[in-house]
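As structure tokens, the structure follows; a few thoughts come after it.
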Amino acid sequence: MLSVTWLLIAVPLASFLVLMLAGRRADAWGHWLGVAASSVVALIGIGAFFQMLGRDAESRSESVRLFTWISGGDLQVDAGLLVDQLSLTFVLLVTIVGALIHVYSVAYMENDPRRRMFFAYLNLFIAAMLLLVLADSYLLLFVGWEGVGLASYLLIGFWNHKPENATAANKAFVVNRTGDFGLIVAMAIMFTQFGSVSFADVLGGADGASTAVLTAIGLTLLLAATGKSAQFPLQSWLGDAMAGPTPVSALIHAATMVTAGVYLVVRSGAIYEATDDARLVVAIVGAITLILGAIIGSAKDDIKKVLAASTMSQIGYMMLAAGLGPIGYIFAIFHLVTNGFFKAGMFLGAGSVMHAMKDQVDMRRFGALRTAMVTTWITFGLGWLAILGVPPLSGFWSKDKIIELAFVGEGWQPWVFGLTALIGAGITAFYMSRLFFMTFHGKARWTDEQHPHESPLLMTVPMMVLAVGSAFLGLFLAAGNRFQNWLEPVTGTSGELEPVLAVPVLITLTLALVAAGVALAYWMYWRNDVPTEAPPPSLAVLAARNDMFQDSVNRAVFQIPGTHLTRTLVYADAALVDGAVNKQATGIAAFGEASRRFQSGKVRSYALLMLLGFLVLASIIVVGG
Amino acid sequence: MSPVNFVYLAAVLFAIGAATVLLRRNAIMAFMGVELMLNAANLTLVAFSRMVGGIEGQIMAFFVMVVAAAEVVVGLAIIIAVSRARQSISLDEPSELKG
Amino acid sequence: MVSPLLFWFVAFVTVIPALSLLFARKPVHVAAAVVLVMVGLAVAYVALEAPFLGAVQIIVYTGAVMMLFLFVLMLVGVDKTESLKETITGQRWVALTLAVGLGALVISVVSRLPLSVNEQPVVGEPAEVASWLFGDYVLVVEVLGFVLISAALGALVLTHVPRLYPKRTQAEVHAARIAAGANPVNQAFPGVYARHNALDAPALDPEGNPIESSVSRVLKVRGQTIDGSEFKGDTQARRRELGAKEDDQ
Amino acid sequence: MDILTILIAVPAVAGVVLLTVRPLRAYARQFALGVAAIELILAVGMLMAFDRSAAGTIQFSQIDSWIPQIGASWAVGVNGIGLSLIMLAVVLTPLTMLAGWNEDESESRRAQYYGLMLLTLAFTVGIFAARDVFLFYVLFEAMLVPLYFLIGSFGGEQRRYAAVKFLIYALLGGLIMLVAVIALYFAGPGGEQAFLTANLTGLTYDAPWIENLLFLGFFIAFAIKAPIVPVHTWLPSVVETARAGTTVLLVAVLDKVGIFGMLTLVVTLFPGASTRAAPVIIVFAVFTAIYGALVAIGQDNMYRLVGFASVSHSGVMVLGIFAFTRTAIEGATFYMLSSGLSAGALFLLIGFLVKRHGTASVRVYGGLQRVVPVFAGTFLIVGLTALALPGTSPFASEIMVLIGSYEATRWGAIVATLSVILAALYVLLMYQKVFTGPTPQAMEPTTELSLMERVVIWPLIAAMLVLGFVPALAVDYFKDPSAAIVVSVEEAGL
């Protein structure tokens with residue numbers, strides 16, 4: 001199976017092309033083609049996984065060289081795939097979650113006339129995402145990296161007849177591009193330093209390079225990661241990206257694409273290993289984002305935006321973990337996988353709710369949906385418990401381990417990171433419970449013409465599968481350190497780590513904080529009535545509702561100066577640069593006008609000038625000669 | 001007395017001719033100035049011919065005379081044509097050369 | 001060598017009339033003065049061992065060119081005098097300075113040259129000149145022939161005034177007159193038959209009244225006509241006689 | 001006669017015939033397209049015959065005496081770079097002819113337009129093939145004549161202004177270059193082949209300032225053509241008013257003459273001065289890349305927007321050339337090709353839009369994606385190539401330039417990379433304003449991309465994708481020439 005890994009990319013890409021080129025003829029069966037393509041890649045992925053399991057741990061990594069891609073000057077880049085434990089983990093996550101969401105979308109998008117295009121874009125996304133994780137060089141990774149950005153752009157703007165959706169799509173693409181800038185610069189540095197941009201050469205040569213160079217590479221890669229993974233300070237696009245159809249939010253903006261930044265950092269582990277500064281920055285970025293996302297999530301009333309903020313926050317956890325070294329990588333990826341399941345499950349649940357509530361997203365208009373939508377309630381509830389970290393559900397095994405790891409280290413770092421992660425867990429419990437209670441419990445706040453009903457099987461079955469995953473995947477993978485053993489050959493290991501506080505104490509503390517968060521939410525949003533109009537906010541809530549003013553900051557720092565700059569430049573180009581040219585022309589014309597006075601048309605003046613000229617020349621010759 | 005004095009004389013005549021061209025507005029007068037300049041040149045040619053001892057200078061002067069005769073014919077014809085068209089032969093008037 | 005007396009004579013005869021080009025007001029005077037210059041130059045040529053050229057100078061310049069100038073002067077208005085007032089600012093002084101400068105430059109250049117004078121020059125006798133012209137320079141002479149012919153043709157073309165309208169026939173002239181309201185009948189001629197058959201007397205109509213239009217307008221303006229009516233009485237007297245006779249019959 | 005001479009002569013003769021022979025006017029389009037097709041076939045034949053393993057040497061070389069008194073020769077020949085640019089010209093010309101097929105105009109004007117296009121093609125091929133500096137100069141200037149009429153006679157209201165501006169700019173550059181060409185003659189070996197580039201390469205100069213001045217003379221002319229800020233202002237005026245076909249030829253092909261000249265004349269003839277000037281030129285190039293992109297963002301007129309975008313791209317190309325690394329130079333050369341295809345396709349698409357609604361102002365448009373999805377999709381794909389999406393040839397070339405020049409100029413490369421972000425802004429903002437949002441009433445009757453239009457655009461897209469996935473198809477032609485340039489610069493630097 002490993003030798004046909006290229007099919008993983010080729011199949012969905014071919015499906016995308018067929019769906020695009022077939023046009024309206026494919027409207028009848030296009031979505032099933034999309035589902036088939038994603039299912040086939042899921043099967044190939046699973047096949048490859050079992051084939052790899054059959055090998056020794058050492059020989060599980062395999063490179064597949066496809067063809068020479070760019071061969072320009074000293075830059076030689078092959079299109080090649082790197083299949084190892086890390087990339088295969090992602091392949092499984094992407095293909096399985098992807099296939100489930102494809103199935104879900106068949107029902108969710110049933111009434112959309114452009115359903116075929118939707119599936120085409122989803123397939124494009126799958127292809128690009130798999131290219132991203134399977135690439136064996138940074139440059140090829142970049143192709144997938146921008147490819148998922150493109151798919152994300154297309155899907156966020158899927159309903160682009162609404163101007164705000166089109167703007168959101170643009171915003172996502174441009175912010176991502178800002179991150180990509182970092183990746184390009186990183187590749188430039190790598191090429192200058194190592195003469196290559198393939199993982200093998202760069203990561204293999206990292207030992208011999210100077211720390212300054214590696215720090216520069218680390219920081220620029222981090223910039224790329226923050227863009228793609230919606231980390232501080234490039235987090236602003238994710239909330240707006242919820243304008244896309246909900247399955248997209250589930251697949252791209254929760255489970256897979258946004259985690260690519262974590263993948264990039266983990267994949268470049270060898271570089272971060274060698275540079276403490278860059279690693280520290282990664283951890284700081286993660287810590288900031290996890291708190292930021294949690295706070296924002298607590299104040300939003302839009303169910304999808306709460307989940308988006310939650311995604312940001314959870315990826316913050318992963319980043320924080322990735323900033324902690326090899327053992328952190330493993331749990332970053334572990335959390336990434338579990339988060340992929342329960343977050344996708346919850347997004348699909350949210351989609352199911354919206355489906356039932358005629359696309360209402362305001363949680364203040366929900367309430368008491370438990371009875372109307374039992375399956376959704378159960379599956380969502382499992383996801384909720386999982387993200388809270390309630391044992392023995394998935395989140396407990398991944399997130400709590402990250403909190404533990406955050407307490408590892410010396411000096412101020414364990415205390416700052418650890419407490420941040422700990423407090424983040426409490427806030428997470430609060431806002432996720434708030435979401436859950438506001439939606440499914442309390443009093444019904446919907447209007448009469450809405451008739452909540454359970455979604456069709458095509459939608460609920462994927463939700464059930466994901467819920468099962470949310471519940472038991474963590475336990476399954478954590479048992480006997482399965483996941484750790486699986487990934488260690490790729491990420492390396494950093495031996496036994498001892499947190500500054502004892503592990504049982506940490507677990508107790510975490511659970512206590514989670515319980516407190518749940519209790520607070522219960523008291524505020526289940527026991528008490530929730531007003532259907534948001535109450536006038538306090539300053540803190542206002543800030544959180546406005547995404548901590550990130551858009552205002554962006555507007556003040558980039559957009560408004562940028563707009564002024566471009567306007568000024570446009571004006572200056574016309575008035576100054578072009579103006580200078582025209583001024584010159586005017587000057588020449590004025591000179592001509594002045595010299596016209598000599599051209600009086602009077603023969604005698606001309607004769608006079610001729611004689612003068614002759615005399616001057618002759619004198620020069622006579623005197624000079 | 002050396003024939004070179006005739007060259008000086010020719011220089012004086014040439015200067016007078018040039019000044020005439022520059023100063024007189026009447027086209028015929030200016031034209032006469034041109035003729036005077038031509039003659040001054042001829043005088044130079046002949047004087048130098050005498051000094052060198054050959055005859056080529058005289059031949060040259062002869063040619064100048066012939067060409068000058070032709071030139072006078074055409075020039076005066078032009079003056080007549082202009083005077084018919086404009087009722088004037090002042091050099092200051094035809095300002096179509098004005099740029 | 002040239003006699004100094006001859007040189008100074010030539011100098012005066014040329015320079016002083018030449019100055020009239022600058023200062024004389026009437027073009028005719030100038031033309032006459034330039035004739036004198038040309039003659040002076042002819043003398044100079046002879047003095048410089050170029051007798052043929054001197055003759056040609058007289059023939060061509062005084063005889064042909066300057067006469068042509070005079071003709072043209074007459075054509076364009078011989079009585080015009082030109083104001084010497086300068087119209088272009090600064091032209092006069094700059095021009096004079098430049099002209100003096102030009103002369104000075106040439107003189108200074110020539111005076112600095114080391115010039116020797118050949119003691120045995122070839123004398124420009126007609127035969128000598130002819131042998132050169134029709135020997136070495138025959139091609140040039142032929143070309144000059146073309147030049148002269150072209151110049152002659154050019155002068156013809158330039159002075160030729162094309163007919164602006166086609167020539168009118170007699171019939172057309174007549175028709176135009178009638179159209180303009182002229183009397184198609186012959187006008188009466190002046191003079192009273194057998195009494196005063198001269199141009200100064202108007203003709204008489206059958207009534208015996210004078211026809212004023214028959215007398216030349218010019219004579220009338222000059223007051224050189226006589227009153228036709230004086231013949232009227234005479235005529236009537238005669239008619240009475242005749243009429244009476246007829247009445248008698 | 002050699003193939004290159006034929007390639008120059010066929011469109012030149014055909015153009016003159018079309019302009020002069022009256023009965024042909026009724027069939028001007030068919031005739032011109034036929035000639036362009038013959039040209040394309042001939043060029044493809046030449047491409048087949050080209051020995052790729054010796055891409056660095058001049059092939060199909062022909063040197064005949066032309067004006068031996070001043071040492072000018074009719075010397076033509078191509079290496080890999082010249083060949084690929086000739087291919088670009090002969091591919092784009094028939095496509096632009098097809099794109100303007102249904103233009104509503106009188107027969108005589110049509111004949112004039114197509115005749116001028118053929119002449120332009122002839123001069124362009126000649127320039128890319130010229131191996132003689134004097135011949136190059138003559139063609140460089142002669143090209144202005146058909147272009148002047150193409151801009152000045154066909155297009156929008158301001159076309160006369162634009163044409164005169166273009167002419168003055170180009171002539172100014174050309175005359176400065178003429179001075180340098182003459183001076184070069186005296187610096188060179190003289191004789192009957194004094195202007196052959198081969199004879200002028202590797203000269204030693206009495207003093208560095210002589211070489212510097214010569215360098216400057218050539219460089220300014222090419223900088224105007226490229227164009228580089230601040231001598232770029234003719235470009236927006238021209239693209240705003242000229243017909244889409246003219247614009248495509250001008251921006252996609254003829255602007256490349258500037259970059260081509262820098263690469264094959266400036267750097268090759270004056271490697272010493274080029275090295276000395278490189279730091280300054282890189283500053284200008286990087287500034288151009290950013291400035292063009294920023295101004296593009298603020299444009300309302302789509303033609304101007306793409307015009308400024310291509311100004312920005314020229315900045316990147318010049319950066320690549322003057323970084324003097326093999327990767328960057330190959331990237332810059334490849335970028336000429338890619339950006340020519342990309343900008344050409346974009347201009348054609350905007351032309352199609354303008355034909356439907358009569359204006360290039362984005363303010364008028366909106367919500368077209370719902371009405372004409374194929375058009376929108378095609379536009380988006382072409383737009384994505386313009387913002388260098390990975391997998392397209394502009395990306396492969398741009399990344400080569402950026403990565404390759406980092407070694408030579410760290411900050412230059414980093415700042416130039418910012419233009420990548422800005423490219424996303426101007427392309428996507430344009431797409432957003434034109435194709436997304438609610439559909440205004442006036443946009444409802446917009447017609448979908450016609451078959452003819454698809455035939456024009458889709459091959460360009462296909463070419464960009466193929467070259468994006470297998471850049472070697474083109475880059476192999478640039479390897480040896482680029483290596484030679486780097487070697488010559490390194491030798492001069494020692």
Side-chain angles (χ1 to χ4, degrees), chain A residues 20 23 67-75 79 114 117 139-140 142-147 149-150 153-154 157 160-163 165-167 169-170 173-174 176-178 180-181 184-185 187-192 197 562-563 565-574 577-578 580-582 585, chain D residues 165 168-169 229-230 232-233 236-237 291 294-295 297-299 325-331 334 367 369-370 373-374 377 384 387 389-391 395-396 399-400 402-407 413-414 417-418 420-421 424-425 428-429 432 435-439 469-472 475-476 478-479 482-483:
Chain A
M20 288 293 285
F67 57 92
T68 303
W69 179 34
I70 292 182
S71 157
D74 309 316
L75 179 69
R114 292 170 63 231
M117 296 306 291
L139 195 58
L140 197 60
F142 189 65
V143 178
W145 188 266
E146 288 247 313
L150 170 65
Y153 166 81
L154 292 169
N160 62 22
H161 51 90
K162 288 188 204 150
N165 289 13
T167 310
N170 270 2
F173 198 92
V174 171
N176 267 300
R177 268 263 155 151
T178 314
D180 298 349
F181 163 73
I184 296 177
V185 174
M187 285 192 283
I189 304 175
M190 288 170 196
F191 176 66
T192 311
V197 291
T563 314
L565 178 64
T566 53
R567 277 205 201 126
T568 316
L569 280 182
V570 170
Y571 172 77
D573 191 66
V577 183
D578 204 20
V581 174
N582 289 340
Chain D
K165 197 165 171 181
I168 287 175
Y169 263 103
V229 177
H232 65 284
T233 55
S237 312
Y291 180 90
L294 280 175
V295 179
I297 294 171
Q299 293 299 324
T325 66
R326 281 175 56 204
T327 317
I329 290 183
E330 281 176 33
F334 190 22
Q369 203 251 12
R370 208 174 54 72
V374 178
L384 291 172
L387 61 77
L389 191 82
F395 166 74
I399 205 83
M400 279 162 73
L402 294 176
I403 290 186
S405 52
Y406 183 85
E407 191 183 335
I414 291 179
T417 309
L418 283 174
V420 172
I421 304 177
L425 265 175
L428 293 182
L429 281 177
Q432 180 186 358
F435 288 97
T436 70
T439 315
F469 279 104
V470 197
V475 175
D476 278 359
F478 313 141
K479 276 193 179 311
S482 309

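Computed from heavy atoms alone, side chains included, the values below leave out hydrogens, waters and symmetry copies. Quick caveat, the model's predicted, so the values are computed rather than measured. Letters go in sequence order (proteins before strands), and every chain restarts at 1.
Highest contact tally toward chain A, considering only D:Pro236, D:Gly298, D:Ser405, is held by D:Gly298 [criterion: heavy-atom pairs under 4.5 Å]. With respect to chain A, the highest number of heavy-atom pairs below 4.5 Å among D:Leu418, D:Ile297, D:Val470 belongs to D:Leu418. Comparing D:Tyr169, D:Phe435, D:Phe478, D:Phe334 by heavy-atom pairs within less than 4.5 Å of chain A, the highest count is held by D:Tyr169. Among A:Asn170, A:Val197, A:Thr192, A:Val143, the residue making the largest number of heavy-atom pairs under 4.5 Å with chain D is A:Asn170. With chain A as the partner, the residue from D:Val229, D:Val295, D:Thr417 showing the most heavy-atom pairs under 4.5 Å is D:Thr417. Contact count against chain A (heavy-atom pairs under 4.5 Å) is highest for D:Leu294 among D:Thr325, D:Leu429, D:Leu294. When the candidates A:Thr178, A:Asn176, A:Leu139 are compared by the number of heavy-atom contacts under 4.5 Å with chain D, A:Thr178 comes out ahead. Of the listed residues (D:Val475, D:Ile414, D:Asp476), the greatest number of heavy-atom pairs within a distance under 4.5 Å of chain A belongs to D:Ile414. Annotation: maximal heavy-atom pairing with chain D below 4.5 Å, among A:Thr68, A:Asn160, A:Asn165, occurs at A:Asn160. Options A:Phe191, A:Trp69, A:Phe173 differ in how many heavy-atom pairs under 4.5 Å they form with chain D, and the most are formed by A:Trp69.
For D:Gln369, the part lying under 4.5 angstrom from a heavy atom of chain A is the side chain only. Heavy atoms closer than 4.5 Å to chain A are found nowhere in D:Ala413, neither backbone nor side chain. At a 4.5 Å heavy-atom cutoff, the contact between A:Leu154 and chain D is made by side-chain atoms alone. Contact annotation for D:Ile329: neither backbone nor side-chain heavy atoms come within less than 4.5 Å of a heavy atom of chain A.
Between A:His161 and D:Pro438, every side-chain heavy-atom pair lies at or beyond the 4.5 Å cut-off. In this structure, the side chains of A:Ile70 and D:Ile399 come closer than 4.5 Å at one or more pairs of heavy atoms.
Taken from OH in D:Tyr406 to CD1 in A:Ile184, the straight-line distance is 13.5 Å, to the nearest 0.5 Å.
Under the 3.5 Å distance criterion, the side-chain polar atoms of D:Lys479 are matched with a main-chain donor or acceptor of A:Ser71. Between the A:Arg177 side chain and the D:Val420 main chain, a donor and an acceptor come within less than 3.5 Å of each other.
In this view, A:Arg114 satisfies the salt bridge (charged side-chain N to carboxylate O under 4.0 Å, His left out) rule with no residue, not counting sequence neighbours.
Ring centers of D:Phe469 and A:Phe67: at least 6.0 Å apart, outside the cut-off.
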